Amino acid sequence: MDPSFSAESAWKIFEELTVNARQTQQQVLQEILTQNLHTEYLSQFLRSDSDREDFKTKVPVVEYEDIKPYIQRIANGEPSDILLAETVTALTRSSGTSAGQPKLIPFTDRELDRRAFGGCLCSTVVNKPEITTPSGFRTRSILTSIFMSKYFETQESSLYTSPIATILCLDSKQSMYCQWLCGLVHRNEVVSVGSIFGSILIRCIKFLEDYWKELCSNIRTGQLSDWISDTGCRNALSMVLGKPNPELADTIEDICNVKSWEGIIKKLWPGTKYIDATVTGSMVQYVPMLEFYCGDLPLVSKCYASSECDLGINIKPLSSPCDTSYTFIPNMAYFEFLPIHEDSEEVRNNKEESELVDLVNVKPGRFYEPVVTTFTGLYRYKMGDILKATGYHNNAPQFQFVRRKGVFLSVDMEKTTEDELGEAVKQANQFIGQFKLHVVDYTGAVDISSIPGHYVLFWELKMEGSSHVPELSPGTIEQCCGIVEESLSFVYRISRKGNGIGPLEIRVVKKGTFDELMDLFVSKGASVSQYKTPRCIRHEEALKTLNSGVVGRYFSQQFHVSTALKW
Ligand code: AMP
């Protein structure tokens, strides 16, 4: 695919692709199979060209664990043609985890072109006529592959106020400082403020709250702070800062030097038309906080994308986060859909329901898990996301993102499953066993009332051989917080180290609190005989019940702030 298309031609291509969704999908499958039929992986299932017709009956539907051995072999230096014909140029780290480590997904140069097309489509959709000045600010350092590409350099970089050197700077604090500085200097040209996910944008704004005085001082004097040591950043900023600009510094100081930062974005960047940050799925929890900072600016979730492939774009960017649907792009991969039973997340146990459905045959109103066959070596791979079909654009289906399968706690990029939390609590429970203490019942919640957000575990404890409330040494429960954190995934720990997630908290509740919780759910219609303590609480009344039983709050002392980045 030619990466040098214009926005208009990208939209025209998209329209053609969605009209011809069925044929496009057949071509995509044909191309993937022709290219990869002789790989070690596919040749186990498809022996000859004629077997291609039997793709759906012979190639199994898989999860990451099934293909992990192949990816591991590639990571260890074997030629990548064991899995795919295109040369693997990178293994991208997904935020999903496998045995606590990030999943590695093969990436190729040709995939970069496909991603460029997806990215261009997203820009096309939001750059509707009222948004004419192509400029903006955002940090997406995790998209390094794309930022380092020729496509980004030639076609996209001029759309950002951040010079490429500040985006690619490996020191995230220096990178963020410099990007804010550029955004402030160019404040009158900015039409969109954003970041890849809502949670990250909030962290960026918090950073600005801490650094606006210093940023203003740099603008006033035209001198960059000495602690910015990255040469790329210093060179880039020397072009941006130019002469001392006391008027601009005064204006920004007046705006920032107020008690409440409500609506600050529109005040600092008066030309902003929209906020560019994904706020669907687990990010929905950040909407109220973003609305506080951003006032009535529309929050635009542009695309549904992953390390595996780009999947869909939001063609109605001004829709509210809860009404946002993504239209699948038929040439990005071969898409199939596993029907999901709405209540149980399980596929119903009959043939009709467990059979995968083609892209053009999904039924609006139904829930599905996407299964992708990509150009980069994933064949009938379950994505682990749950989507709800909402309609069609031409012949391409549209979906709302419902949630990640099995994930129930998430603050930043990390995703913790019920099993992972259960295992972590088990480890801590073993530790307090030596003090004759046991966790009788537990549940988890996310607290984003302060930034960064953090996990809260509610624990009801019992002392062996005693019906009294156990005497607790704060140090012991703090150690438990640390043990839980150590047992959580690599991505959690990375997030925690980078201060994307705050210290885990254990709130010890008094005896009987979990009975009260059960009473509450039963009063709401849960069956007593089938009741299971939910391991994640979002329900406000349930949180109130738990909080009213709290007798002690303890925080993890792991990953001391001094060793973490301060934003
Ligand atoms: P990663 O594995 O790090 O590439 O992240 C991809 C995952 O992020 C997807 O499988 C989804 O679970 C989530 N995701 C991506 N785009 C969206 C979106 N627009 N709304 C909600 N979740 C999303």
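Keep in mind the model is a prediction, meaning the values are calculated, not measured. Residues take their numbers from the sequence shown, with the count starting at 1.
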What I'd like to find out is whether the side chain of [X] reaches to under 4.5 Å of the side chain of [Y], using heavy atoms alone.
| X | Y | value |
| --- | --- | --- |
| F401 | D385 | yes |
| L409 | Y492 | no |
| S556 | R496 | yes |
| T166 | I164 | no |
| M383 | V372 | yes |
| Y368 | K363 | yes |
| L91 | I71 | yes |
| E420 | T416 | yes |

So which heavy atom on [X] is nearest to which on [Y], and how close?
| X | Y | result |
| --- | --- | --- |
| Q400 | S325 | CG-OG, 3.8 Å |
| C233 | C169 | SG-CB, 3.7 Å |
| I82 | T39 | O-CB, 3.6 Å |
| I501 | H454 | CG1-CA, 4.2 Å |
| G118 | M332 | N-CE, 4.2 Å |
| P106 | L84 | CB-CD2, 4.3 Å |

Separation of [Y] [atom2] from [X] [atom1] (nearest 0.5 Å):
| X | Y | atom1 | atom2 | result |
| --- | --- | --- | --- | --- |
| T18 | I13 | OG1 | CD1 | 12.0 Å |
| N36 | T373 | CG | OG1 | 10.5 Å |
| E86 | I32 | CD | CD1 | 9.5 Å |
| L311 | T327 | CG | OG1 | 12.0 Å |
| S410 | K415 | OG | NZ | 7.0 Å |
| K302 | N314 | NZ | CG | 10.5 Å |

(request) State whether the number of non-hydrogen atoms from other residues, nucleotides or ligands found under 6.0 Å of R22 atom CZ is greater than 12. (result)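 Check fails, neighbour count at 12 or below.
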(message) Evaluate T89 against T108 for side chain to side chain donor-acceptor pair (under 3.5 Å), listing each step before the verdict.
(response) CA-CA 5 Å; T89 46; T108 67; 5.8 Å; no
(message) Go through it in stages, so that I can follow the logic: the residues are Y304 and D310, the test is side chain to side chain donor-acceptor pair (under 3.5 Å), and I'd like the CA-CA distance, side-chain angles, deciding distance and then a yes or no.
(response) CA-CA 7 Å; Y304 168 37; D310 280 357; over 6 Å; no
Do the side chain of [X] and the main chain of [Y] share a donor and acceptor less than 3.5 angstrom apart?
| X | Y | value |
| --- | --- | --- |
| E15 | K12 | no |
| R234 | I228 | yes |
| S301 | V279 | yes |
| N395 | V19 | yes |
| D66 | V62 | no |
| D230 | G232 | yes |
| T376 | F107 | no |
| W180 | S175 | no |
| D323 | S319 | no |
| D171 | Q174 | yes |

(message) Any donor-acceptor pair under 3.5 Å linking the side-chain atoms of Y381 with those of E63?
(response)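 No donor-acceptor contact under 3.5 Å links the two side chains.
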(request) Verify whether the ring centers belonging to Y392 and F328 lie closer than 6.0 Å. (result)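 No, they do not, as the ring centres are separated by 6.0 Å or more.
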(request) For residues F117 and F14, establish whether the separation of their ring centroids is below 6.0 Å. (result)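 No, too far apart.
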(message) Restricting to side-chain hydrogen bond (donor to acceptor under 3.5 Å, both in side chains), what partner residues turn up for S487, sequence neighbours left out?
(response)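 So S487 forms no side-chain hydrogen bond (donor to acceptor under 3.5 Å, both in side chains) with any residue.
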(request) Not counting sequence neighbours, which residues clear side-chain hydrogen bond (donor to acceptor under 3.5 Å, both in side chains) with E336? List them please. (result)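 E336 satisfies side-chain hydrogen bond (donor to acceptor under 3.5 Å, both in side chains) with R380 only.
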(message) Using the rule ring-ring contact (aromatic ring centres under 6.0 Å, His included), only one of F337, F335, F367 pairs with F399; which is it?
(response)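 Of all the options given, the one that passes is F337.
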(request) Report the C-alpha distance between F55 and L29 in whole Å, list the side-chain angles of each, state the deciding distance to 0.1 Å, and finish with yes or no for side-chain contact (heavy atoms from CB on, under 4.5 Å). (result) CA-CA 9 Å; F55 173 73; L29 183 60; 3.8 Å; yes
(request) Scan L299, L290, T278 and name whichever one has a side-chain contact (heavy atoms from CB on, under 4.5 Å) with L201. (result) L290
(request) Please lay out, stage by stage, how Q427 and E423 fare under the test side chain to side chain donor-acceptor pair (under 3.5 Å). (result) CA-CA 6 Å; Q427 301 287 332; E423 184 53 37; 2.9 Å; yes
(request) Could you go through the salt bridge (Lys or Arg N to Asp or Glu O under 4.0 Å) check for R73 and E40 one step at a time? (result) CA-CA 12 Å; R73 282 167 61 191; E40 183 183 318; 3.0 Å; yes
(request) List the steps, then state whether salt bridge (Lys or Arg N to Asp or Glu O under 4.0 Å) holds for D54 with R47. (result) CA-CA 10 Å; D54 301 327; R47 292 205 172 74; over 6 Å; no
(request) List the steps and the verdict of side-chain contact (heavy atoms from CB on, under 4.5 Å) for I315 and Y326. (result) CA-CA 7 Å; I315 59 171; Y326 300 99; over 6 Å; no
(request) For side-chain contact (heavy atoms from CB on, under 4.5 Å), just list the numbers for Q25 and V360, CA-CA rounded to whole Å, side-chain angles, deciding distance to a tenth of an Å, and then say yes or no. (result) CA-CA 9 Å; Q25 281 282 280; V360 292; 5.8 Å; no
(message) Salt bridge check, E31 against R110: does any charged N sit closer than 4.0 Å to a carboxylate O?
(response) yes
(request) Would you check, one step at a time, whether the test side-chain contact (heavy atoms from CB on, under 4.5 Å) holds for E369 with L387? (result) CA-CA 6 Å; E369 175 177 356; L387 312 178; over 6 Å; no
(message) Applying side chain to side chain donor-acceptor pair (under 3.5 Å) to E414 and S489, what does each step give before you reach the verdict?
(response) CA-CA 8 Å; E414 91 303 335; S489 72; over 6 Å; no
(message) List the residues meeting ring pair (Phe, Tyr, Trp, His ring centres under 6.0 Å) with Y41, not counting sequence neighbours, and say none if there are none.
(response)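 Y41: ring pair (Phe, Tyr, Trp, His ring centres under 6.0 Å) contacts with F45, Y70, Y379.
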